[in-house]
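Comments concern the structure below.
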Amino acid sequence: MSKTSQQHTTTDPNGVSVIHTPAHTSGLQQVPQLVPVSPGGGGKAVPPSKQGKKNSFVDRNSDEYRQRRERNNMAVKKSRLKSKQKAQDTLQRVNQLKEENERLEAKIKLLTKELSVLKDLFLEHAHSFADNVQPVGTETTPTNAESSGQ
């Protein structure tokens with residue numbers, strides 16, 4: 001017997017063909033294979049959660065449908081407003097950070113200039129102080145001068 005003669009195909013309510021093959025003698029359980037019905041092979045198997053929704057007819061004039069559409073429209077509007085607000089908040093934060101960055105860069109320039117001026121003053125003072133100080137050992141102390149004179 002060939003493999004194809006042992007198989008039989010059924011179509012479930014969703015339009016999906018299921019190929020059934022007999023179980024092997026080893027005692028393994030058979031697993032059905034899903035095959036698309038269309039000859040082009042482009043069909044999709046529908047998950048069980050979506051099966052009932054696809055096959056049920058929706059009355060677009062019913063109150064329930066109108067309420068669901070209205071709730072959905074409000075949810076979409078709210079989501080879009082929230083997204084737009086988030087984008088505006090982000091843009092505002094970017095502008096604040098740019099301004100803060102410019103202020104900090106200006107402060108860095110000012111402090112760098114002040115540091116340079118203070119360095120120059122310090123070096124000028126250090127040189128003038130070094131010129132006024134005599135080397136150690138060459139200066140005479142007042143107590144030595146008085147004691148040597150007596």
Side-chain angles (χ1 to χ4, degrees), residues 3 9 11-21 23-24 26-150:
K3 199 174 204 179
T9 305
T11 304
D12 72 0
N14 296 320
V16 176
S17 294
V18 179
I19 298 175
H20 297 278
T21 56
H24 296 288
S26 63
L28 296 176
Q29 186 177 0
Q30 177 182 356
V31 178
Q33 299 174 359
L34 297 178
V35 178
V37 175
S38 65
K44 292 184 180 179
V46 179
S49 63
K50 303 271 183 173
Q51 287 177 359
K53 294 178 183 178
K54 183 178 180 185
N55 292 336
S56 66
F57 176 72
V58 178
D59 181 14
R60 294 182 181 225
N61 295 325
S62 70
D63 289 338
E64 180 188 356
Y65 175 79
R66 289 279 170 217
Q67 288 173 350
R68 284 181 22 220
R69 291 302 317 139
E70 191 173 324
R71 280 197 315 266
N72 181 261
N73 289 343
M74 287 190 304
V76 166
K77 188 181 286 188
K78 183 179 177 182
S79 174
R80 288 177 181 160
L81 284 173
K82 187 176 178 182
S83 176
K84 190 175 183 180
Q85 182 64 43
K86 188 175 180 181
Q88 288 175 346
D89 291 346
T90 302
L91 185 61
Q92 184 179 2
R93 179 74 173 137
V94 166
N95 289 333
Q96 287 174 346
L97 290 173
K98 282 181 180 179
E99 289 175 7
E100 183 181 1
N101 192 34
E102 289 173 5
R103 282 195 312 272
L104 290 172
E105 286 178 357
K107 189 172 184 177
I108 288 172
K109 276 186 179 179
L110 180 68
L111 291 173
T112 303
K113 192 173 184 178
E114 186 177 342
L115 177 65
S116 177
V117 168
L118 291 173
K119 267 187 184 177
D120 291 344
L121 284 173
F122 175 76
L123 291 174
E124 188 178 311
H125 178 72
H127 287 149
S128 67
F129 180 74
D131 292 342
N132 291 337
V133 174
Q134 296 177 355
V136 179
T138 57
E139 79 177 68
T140 57
T141 59
T143 54
N144 288 343
E146 291 176 3
S147 62
S148 64
Q150 291 178 348

Report, one line per pair, each donor and acceptor closer than 3.5 Å where one atom sits in a side chain of residues 108-128; sequence neighbours left out.
unit_1	atom_1	unit_2	atom_2	d
Thr112	OG1	Ile108	O	2.6
His127	ND1	Leu123	O	3.3
Ser128	OG	Glu124	O	3.4
Ser128	OG	His125	O	2.9

Please name all residues satisfying side-chain contact (heavy atoms from CB on, under 4.5 Å) with [X], sequence neighbours left out, ordered by chain then number.
{"X": "Asp63", "answer": "none"}
{"X": "Arg68", "answer": "Glu64, Arg71"}
{"X": "Arg103", "answer": "Glu99, Glu100"}

Residues which pass side-chain hydrogen bond (donor to acceptor under 3.5 Å, both in side chains) with Asn73, listed by chain and number, not counting sequence neighbours: Arg69
Atom pairs and distances, side-chain donor-acceptor, residues 82-97, under 3.5 Å, sequence neighbours left out:
unit_1	atom_1	unit_2	atom_2	d
Gln85	NE2	Asp89	OD1	2.8
Thr90	OG1	Lys86	O	2.8
Asn95	ND2	Leu91	O	3.4

Non-hydrogen atoms of Arg66 and Arg60 that approach each other most closely: NH2-O, 3.5 Å
